[in-house]
Number of protein chains: 2
Amino acid sequence: MKILEHLERKNIDFISSEDLAKNCGVNSAQLRKDLSFVGTLGTKGVGYSVKSLKFNLKNFLGRAQEWNLILGGISPLGIFLLQNKSLQKEGFYFLAAFDTKEENIGKVYNGVSVYNLDQLSYVLNAIKVDIGVITTETDPEIFLKAFVEQGVRAIFNLSNVPLFAENPEVKIENFSFSMALTKLSYFLKE
Amino acid sequence: MKILEHLERKNIDFISSEDLAKNCGVNSAQLRKDLSFVGTLGTKGVGYSVKSLKFNLKNFLGRAQEWNLILGGISPLGIFLLQNKSLQKEGFYFLAAFDTKEENIGKVYNGVSVYNLDQLSYVLNAIKVDIGVITTETDPEIFLKAFVEQGVRAIFNLSNVPLFAENPEVKIENFSFSMALTKLSYFLKE
DNA sequence: AAGTGTGAACTTTTTCACAGCT
DNA sequence: AGCTGTGAAAAAGTTCACACTT
C-alpha cells in the first residue's frame with residue numbers, strides 16, 4: 001500500500017512482479033500468487049498498473065471505507081493515539097474513549113471524550129463501532145470482555161499482555177513494543 | 001513472557017503445556033516443541049516450573065541483558081517513545097536521538113539529546129548501540145542507510161513505509177499502526 | 001497417573017518452472 | 001520478447017500419538 005504510493009510519487013505507472021517484489025522484500029512468484037487471490041490484476045507481458053493495483057488492494061483490504069474506533073484505557077499510548085492525526089488520514093476515527101479510573105472520566109483529547117467503562121453500552125447505542133483499541137497498562141481483559149459483550153468484533157490490543165479470543169467471530173491483533181524489540185534482541189544474541 | 005509473569009502473580013508454580021498453551025492460544029504439542037528448542041525445560045509427569053521457564057526464556061530471547069537504542073526522527077511517536085518509561089523497565093534504553101531538521105537539534109526529551117544525523121558517527125564513537133528505532137514520517141531510508149553504515153545491525157522501523165534489508169547481517173522489524181488496523185479492517189470486510 | 005519430548009503424518013506455505021497472453 | 005497466472009514440487013510448519021520419565 002505504502003510502497004505503491006511511494007511508486008506513484010515516483011511517477012511509475014507500471015511495474016513487474018519482479019520489481020515490486022524487490023521493493024517488498026519477497027519472492028516474485030509469491031507476490032503474483034498473492035495478487036491473483038485478489039483478482040486478475042496484471043497484464044501479461046506488461047506487469048501491474050500501480051494505480052489500479054492500489055485501487056484493487058484498497059478495496060480488497062477494506063481500506064476504501066472508513067472505520068470507527070473506540071479506545072479502552074487512558075494510558076500514555078492511548079493519549080498519543082487520540083492526539084495523533086495520522087490515523088484519521090488513513091480512515092480510522094476514534095469516536096470515544098473509556099476508562100475505569102474516575103480521575104480520567106470527562107477528559108477530552110483531540111475532541112474525543114473519555115467515558116466510564118460502565119457507560120459503554122449506553123454510548124454504543126448512539127454510535128456504530130468497528131474496532132476496539134486497548135491500551136490500558138493493567139487488566140486489558142476487562143476491556144476485552146466489555147467490548148466483545150457489546151458486539152465489537154475486532155480488537156487491537158496494545159497492552160503488554162497478549163489476548164486471545166475464544167470466540168472465532170472476534171479477531172484480536174496483539175502488538176507491544178517490548179515484544180517487537182525482543183525479536184531484535186533475540187537476533188542480536190544469535 | 002508477560003503470560004508467565006501473570007501466572008507468577010497468581011502464585012502458580014508449575015504449569016502443564018496443556019494449560020499454558022490455552023493461555024497462549026496455541027496447541028500444546030506446538031508449545032512443547034517450541035520449548036524443547038530452547039532446551040529440556042519440563043519435568044515429565046509434572047509440567048514446567050513457571051519461574052525456571054521464565055528464566056530460561058529470558059536468556060534465550062536475549063532479554064536477560066540490557067540493550068541500547070538510538071532514535072531516528074523526532075516525530076510524535078518518537079517523542080512518545082523517548083518519554084515513555086516502560087521500555088526502560090524492560091531493559092531497552094534510548095541513549096541518543098537523531099533528526100535532520102535543524103529546529104529539532106539540541107532538544108532534550110526525558111534526558112535524551114537530539115543530534116543532527118550528520119553527527120551520527122561522532123556520537124556512536126562514544127556509545128555502543130544495539131538497535132536503531134526509526135520513527136520519521138518521511139524518508140526512513142535516510143536513517144536506515146546511516147544507521148546500517150555505522151554498524152547498527154538491528155532496526156525497528158515504525159515509519160509508515162516498510163523497509164527491507166539487502167544485507168542479511170541486518171535485521172529489520174517493521175510495524176505501523178495503520179498496517180495493524182488494516183488486518184482488522186480486512187477481517188471485518190470478510 | 002500425569003505430562004514431557006519427539007518421530008511420523010499431515011497441512012500449509014513457498015518456490016519453481018512454464019504454458020499462454022499481449 | 002516480456003511477464004503474468006498457476007499447476008506441480010519442495011520446504012516449512014503444525015498436529016498427532018505414544019514411548020518414556022517422574
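- No engagement by L35(A) is indicated, since no non-hydrogen atom pair under 4.0 Å with the nucleic acid exists.
- The closest donor-acceptor contact from the side chain of N110(B) to the backbone of L82(B) lies under 3.5 Å.
- With S28(B) contributing its side chain and S17(B) its backbone, the two residues share no donor-acceptor pair below 3.5 Å.
- With hydrogens and angles disregarded, a donor-acceptor distance shorter than 3.5 Å links the side chain of D130(B) to the backbone of N68(B).
- Chain A approaches DNA chain D over the interval dG2(D) to dA8(D), counting the first and last nucleotide 5' to 3' with an atom under 4.0 Å from its heavy atoms.
- Taking the ring centre of F60(A) as origin, the terminal cationic atom of K189(B) falls inside the region bounded by 6.0 Å and 45° from the ring axis.
- The nucleotide whose nearest atom lies closest to any side-chain atom of K33(A) is, among dT15(C), dA17(C), dT6(C), dT15(C).
- Judged purely by atom type and a 3.5 angstrom limit, D99(B) uses its side chain to pair as donor or acceptor with the backbone of I74(B).
- Here F175(A) and F177(A) bring their ring centres to under 6.0 angstrom of each other.
- For the pair Q30(B) CD and dT12(C) P, the interatomic distance rounds to 14 Å; values are reported in whole Å.
- Looking only at distances, no side-chain donor or acceptor of N104(A) sits under 3.5 Å from a matching main-chain atom of T100(A).
- Among the protein residues, S28(A) comes within range of no part of the nucleic acid, since none of its heavy atoms lies under 4.0 Å from any strand.
- Of the two residues near DNA chain D, G45(A) and D34(A), the one whose nearest nucleotide lies more 5' is G45(A).
- Rounded to the nearest 0.5 Å, atoms CD (Q30(B)) and CG (L35(B)) are 10.0 Å apart.
- Computed from coordinates, the R32(A) CZ to dA17(C) P distance equals 13 Å when rounded to whole Å.
- dT4(C) atom C1' lies 14 Å from atom CD1 of I15(B), rounded to whole Å.
- Within residues 47-59 of chain A, the residues that place at least one heavy atom under 4.0 Å from DNA chain D are, in residue-number order, G47(A), Y48(A).
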